S.K.: 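The structure's right below; bear with me while I get my questions together.
By convention in this document, chain letters (A, B, ...) are assigned in the order of the sequence lines, proteins followed by strands, and residues within each chain are numbered from 1. Given the structure is predicted, the values throughout are model-derived calculations rather than measurements.
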Protein chains: 2
Amino acid sequence: MQMTFVIFLELLPAKNGEEPTMQFLLEVVEILTSYIRKTFDRSTKVLDFHHPHQLLEGIEGFNLELSDQPESLEQILVDCRDTLKYGVRTGHPRFFNQLSTGLDIVGLAGEWLTSTANTNMFTYEIAPVFVLMEQLTLKKMREIVGWPDGEGDGIFSPGGAISNMYSVMIARYKFFPEVKTKGMAAAPRLVLFTSEHSHYSIKKASAALGFGTENLILLNTDERGRVIPDDLEAKGYVPLFVTATAGTTVYGAFDPINEIADICEKYNMWLHVDGAWGGGLLMSRKHRHKLNGVERANSVTWNPHKMMGVPLMCLFHFPAPHYTTSGLLQGCNSMCAGYLFQPDKQYDVTYDTGDKAIQCGRHVDIFKFWLMWKAKGTVGFEQHIDKCLDLSAYLYNKIKNREGFKMVFKGEPQHTNVCFWYIPPSLRSLPDGEERRQRLHKVAPKIKAMMMESGTTMVGYQPQGDKVNFFRMVISNPAATRSDIDFLVEEIERLGHDL
Amino acid sequence: MQMTFVIFLELLPAKNGEEPTMQFLLEVVEILTSYIRKTFDRSTKVLDFHHPHQLLEGIEGFNLELSDQPESLEQILVDCRDTLKYGVRTGHPRFFNQLSTGLDIVGLAGEWLTSTANTNMFTYEIAPVFVLMEQLTLKKMREIVGWPDGEGDGIFSPGGAISNMYSVMIARYKFFPEVKTKGMAAAPRLVLFTSEHSHYSIKKASAALGFGTENLILLNTDERGRVIPDDLEAKGYVPLFVTATAGTTVYGAFDPINEIADICEKYNMWLHVDGAWGGGLLMSRKHRHKLNGVERANSVTWNPHKMMGVPLMCLFHFPAPHYTTSGLLQGCNSMCAGYLFQPDKQYDVTYDTGDKAIQCGRHVDIFKFWLMWKAKGTVGFEQHIDKCLDLSAYLYNKIKNREGFKMVFKGEPQHTNVCFWYIPPSLRSLPDGEERRQRLHKVAPKIKAMMMESGTTMVGYQPQGDKVNFFRMVISNPAATRSDIDFLVEEIERLGHDL
């Protein structure tokens, strides 16, 4: 290898730095493409698990400690290889552990370009193309939500949690604008509602924004995890805000948006649809009916990095047009810093969107998504989503009556979430009761631990309410096929048989 | 080109997708490396400016609109080229427009790898290596802040604004933990203090978190933009929190931390040091005295993507050890979602740090920074910072007595911020007064507009208080040399001479 003894000081912007720079970058790309090849190869492991103390002690010379003196670029390349080696292949066809899985090649190319452009979304001045891409993409997505002519506003945010926080902030600003200047003391006791199955970010928002978690009322759900709208009406207090979840994290349940919207209209409450996980279904003519009523929402969260396979992070938040035409997002968050948002620039400064955000600098998350949309077309996203839902129906049908498997809730899942217990032979004859519950609670963690040690596949588990630990299978990985589903089922049986 | 007519469906995970995938990625890399070469070449423009309507209409076939049907990969490559062509070269040696400039090659390689690994920081389970890198790097930075043995806690956040928001939240949780559950109604009227020159994110935080912007007291500053500590003591209310800015955005001023810390101790207030811009100086033995007293802070914000040249975004937030050993960050933000943070995993779950964040998913921002630190060593960062400050001293000495230039504040700048007016010959003989002020106010915007049209260099301007528009030159770009500073000065004279 020619890189030996070259150090970073010889790279650009150094004089004559062009050749070593190109050589270094091409060697990095060689490492990355080799990793990508292996990621899609089912004969490789999903992960090569090690405990924290093992990695901290240093395995085969992989030293995580930082030092005062520079390392050679040759060592830097070795560090890159090791970092990938001891990581998790989230693009592997048998990685099902999170809502975001898969490695989209065009999206990846978009990220590489974004890093190379290395700019910031706050003004048109330094991100002209990306700012326009964001506006056009947001408009397209608002059309898909069902708002007339895609009218309205919106912003990219660093994740669904922050996006949900935006919704609560904007709702508060709409009804009690004086809170911005005078604080929560200027408003009566305000109450937020959400499903007991909703994402914990709503709770984080209620704590952070000064409402207090006790003023977040958790609504009861039916057996399948959907909010019961009547339950909303029965509660008291000064109601401000309701979250309808479109695709809950564990069950994949869709709350009945239209029924909730009726109640919100009656009591003049803000309706937020958290479609972080389920928003992608809007792209599918076959499945979008599960979000019927979404066009009545006052704001929507939608994460393309989940169901649409866009690399992390990529998240939209839109308030509805009838609020945003009045400049609500801007009004809520703007502070008009003179050093960033000069009104006397030579171009149309309405394209400087930074002051709408609670962030100052904002990472460019749009390009990978825009590029994927170009490459796939709307129809490409639709095909991907339909395929994932078909695969989850295949899994559901395969295990619903299979010996040793028991579904957590009845009926075909609304989303790709398939929730089930695996019951080892030793537990099958035990009567229902506390002993069986306690033993069953330990099964999923044990299987998961063995799965990670063997590195063959990864799937999540958790308890929910009074239900003991169960597996939650989710499918968003474009690389997954029926054979991978078969593999997962057989692997669970293999690992769990003797428990 | 062989890519013609290949579309995304032929890429991995498609059968036989390996060859087109590798070919596609290598063509993307070819586009990126060609862009990188040009970025460092002073004969290329910093930008090729177009107005929003021009880009929206489509220039030379560059079409930003999204469509239902897929484009060929050949077209995708053209889109990538066009995106870079109409963007801004933030790594160009003559780009001085923002606090974050330059393109670090090792950092860039780190970002390419991060995108390829495409994982999420919330648990050790899916980001084992990155989680450990974050812990080790945070510890190293706490040592540099001056906290004994690097004890304490910390988290990466998506930008300085969110990081500053964390500080306010944690301070509130420390003194009024019941606000988390009961809301702001459970606390008395709380007041925050910050410099009138501080970053607007403090104001955004006071609005978002329910304090109200009227309860953020702006402290007077001296002529050079530093807080006058006596002014803090004179105010009334129930004081909670003080931000000392280490490196203000416009003047680059460092507030006197020790004096402010004395007052905070006296009144039992939380002291936050916002070192988003100036924190980097801690790496320099020559300049770190400007942050003397930082080790007395209760929390610190520090952005390596600014002064340390790390690609966007890269931001740390640390609360001090005497607070974090009591689990304050965790206590403030945790909601213990069972589906993500299962307590019964097979590894040491204290490494699952996600619940400390207000985000759920968190982008991997650590790797590029860790890799740069490996490649440069602590001494490499120090050299970079010392060089930038030397360059700004060079600029200051060059223009302080130059005809047609006037400094905004007296004396050598504390940071790399050099603030000055350029006064065209036509204004030089005008007496001080409203006409001169009004005409001078228009000079910087006009020069900046011409600068962008000609694409030769970029530098920021703004008004501040009663001072009309002036240029704020900042140097964080490792590619910049004295010749680039000379160029900037001459370019301002060339463009502004006839105004």
S.K.: Sequence neighbours left out, what passes side chain to side chain donor-acceptor pair (under 3.5 Å) with B:Trp373? Give chain and number order.
M.R.: B:Thr378
S.K.: Any idea which of A:Gly183, A:Ala375, A:Ala480, A:Ala117 has the most non-hydrogen atom pairs under 4.5 angstrom with chain B?
M.R.: A:Ala375
S.K.: Salt bridge (charged side-chain N to carboxylate O under 4.0 Å, His left out) for A:Glu125 and B:Lys448? Distances and angles first, verdict last.
M.R.: CA-CA 11 Å; A:Glu125 187 170 321; B:Lys448 174 69 176 278; 2.5 Å; yes
S.K.: Just so I know, are the side chains of B:Phe211 and A:Lys182 near enough to count as touching, which here means a heavy-atom distance under 4.5 Å?
M.R.: no
S.K.: Non-hydrogen atoms of chain B under 4.5 Å away: do they reach the side chain of A:Ser67, the backbone, both or neither?
M.R.: backbone
S.K.: Less than 4.5 Å to any heavy atom of chain B: does that hold for the side chain of A:Asn97, its backbone, both, or neither?
M.R.: side chain
S.K.: Determine the interplanar angle of the B:His363 and A:His363 rings, folded into 0 to 90°, and report it as parallel if under 30°, tilted if 30 to 60°, perpendicular if over 60°.
M.R.: tilted
S.K.: Return the CE to OG1 distance between B:Met133 and A:Thr83, rounded to the nearest 0.5 Å.
M.R.: 3.5 Å
S.K.: For chain B, which candidate among A:Ala185, A:Gly91, A:Ala127, A:Ala449 shows the most heavy-atom pairs at distances under 4.5 Å?
M.R.: A:Ala449
S.K.: Does B:Phe62 have any ring-ring contact (aromatic ring centres under 6.0 Å, His included) partners at least two apart in sequence or in another chain, and if so, which?
M.R.: B:Tyr86
S.K.: A:Asn215, A:Val179, A:Leu26, A:Ile126: which one forms the most heavy-atom pairs within less than 4.5 Å of chain B?
M.R.: A:Ile126
S.K.: Check each atom of A:Tyr35 against the heavy atoms of chain B and say whether the ones under 4.5 Å are side chain, backbone, both or neither.
M.R.: side chain
S.K.: Looking at B:Ile36, B:Val28, B:Thr33, which hits side-chain contact (heavy atoms from CB on, under 4.5 Å) with A:Thr116?
M.R.: B:Ile36
S.K.: Report the distance from atom SG of B:Cys80 to atom CH2 of A:Trp112, rounding to the nearest 0.5 Å.
M.R.: 11.5 Å
S.K.: Examine whether an atom of A:Leu64 lies under 4.5 Å from a heavy atom of chain B, and if so say whether it belongs to the side chain, the backbone or both; otherwise answer neither.
M.R.: both
S.K.: Quick check on A:Val106 against chain B: is it the side chain, the backbone, both or neither that has a heavy atom closer than 4.5 Å?
M.R.: both
S.K.: Should A:Met22 and B:Arg37 count as side-chain neighbours, where that means a heavy-atom distance under 4.5 Å?
M.R.: yes
S.K.: Quick check on A:Val29 against chain B: is it the side chain, the backbone, both or neither that has a heavy atom closer than 4.5 Å?
M.R.: side chain
S.K.: If you compare all heavy atoms of A:Tyr124 against all heavy atoms of B:His50, which two are closest, and at what distance to 0.1 Å?
M.R.: OH-O, 2.7 Å
S.K.: Sort out for me which of A:Gly210, A:Gly460, A:Pro445 touches chain B most, counting heavy-atom pairs under 4.5 Å.
M.R.: A:Gly210
S.K.: Any side-chain heavy atom of B:Asn118 sitting closer than 4.5 Å to one from A:Glu111?
M.R.: no
S.K.: Identify the heavy atoms of A:Ala208 and B:Arg172 that sit nearest to each other, and give their distance.
M.R.: O-NH2, 2.7 Å
S.K.: Can you see which heavy atom on A:Tyr461 is nearest to which on B:Lys345, and at what distance?
M.R.: OH-N, 3.7 Å
S.K.: So, taking the atom named NE2 in B:His51 and the one named OH in A:Tyr347, what distance separates them when rounded to the nearest 0.5 Å?
M.R.: 10.5 Å
S.K.: For the atom pair CD1 (A:Ile105) and CG (B:Leu12), what is the distance rounded to the nearest 0.5 Å?
M.R.: 5.5 Å
S.K.: Of all heavy-atom pairs between A:Val88 and B:Pro128, which one has the smallest distance, and what is that distance?
M.R.: CG2-CD, 3.9 Å
S.K.: With a 4.5 angstrom heavy-atom cut-off, which part of A:Leu99 approaches chain B: side chain, backbone, both or neither?
M.R.: neither
S.K.: Do NZ/NE/NH1/NH2 and the carboxylate oxygens of B:Lys140 and A:Glu65 come within less than 4.0 Å?
M.R.: no
S.K.: Measure distances from A:Met450 to the heavy atoms of chain B and classify the residue's part below 4.5 Å as side chain, backbone, both or neither.
M.R.: neither
S.K.: Give the minimum heavy-atom separation between A:Asp79 and B:Lys374, together with the two atoms involved.
M.R.: OD2-CD, 3.7 Å
S.K.: For A:Ala109 and B:Leu25, work out which heavy atoms get closest and say how close.
M.R.: CB-CD2, 4.4 Å
S.K.: Indicate yes or no: at least one non-hydrogen side-chain atom of A:Gln69 is less than 4.5 angstrom from one of B:Val379.
M.R.: yes
S.K.: With a 4.5 angstrom heavy-atom cut-off, which part of A:Glu18 approaches chain B: side chain, backbone, both or neither?
M.R.: side chain
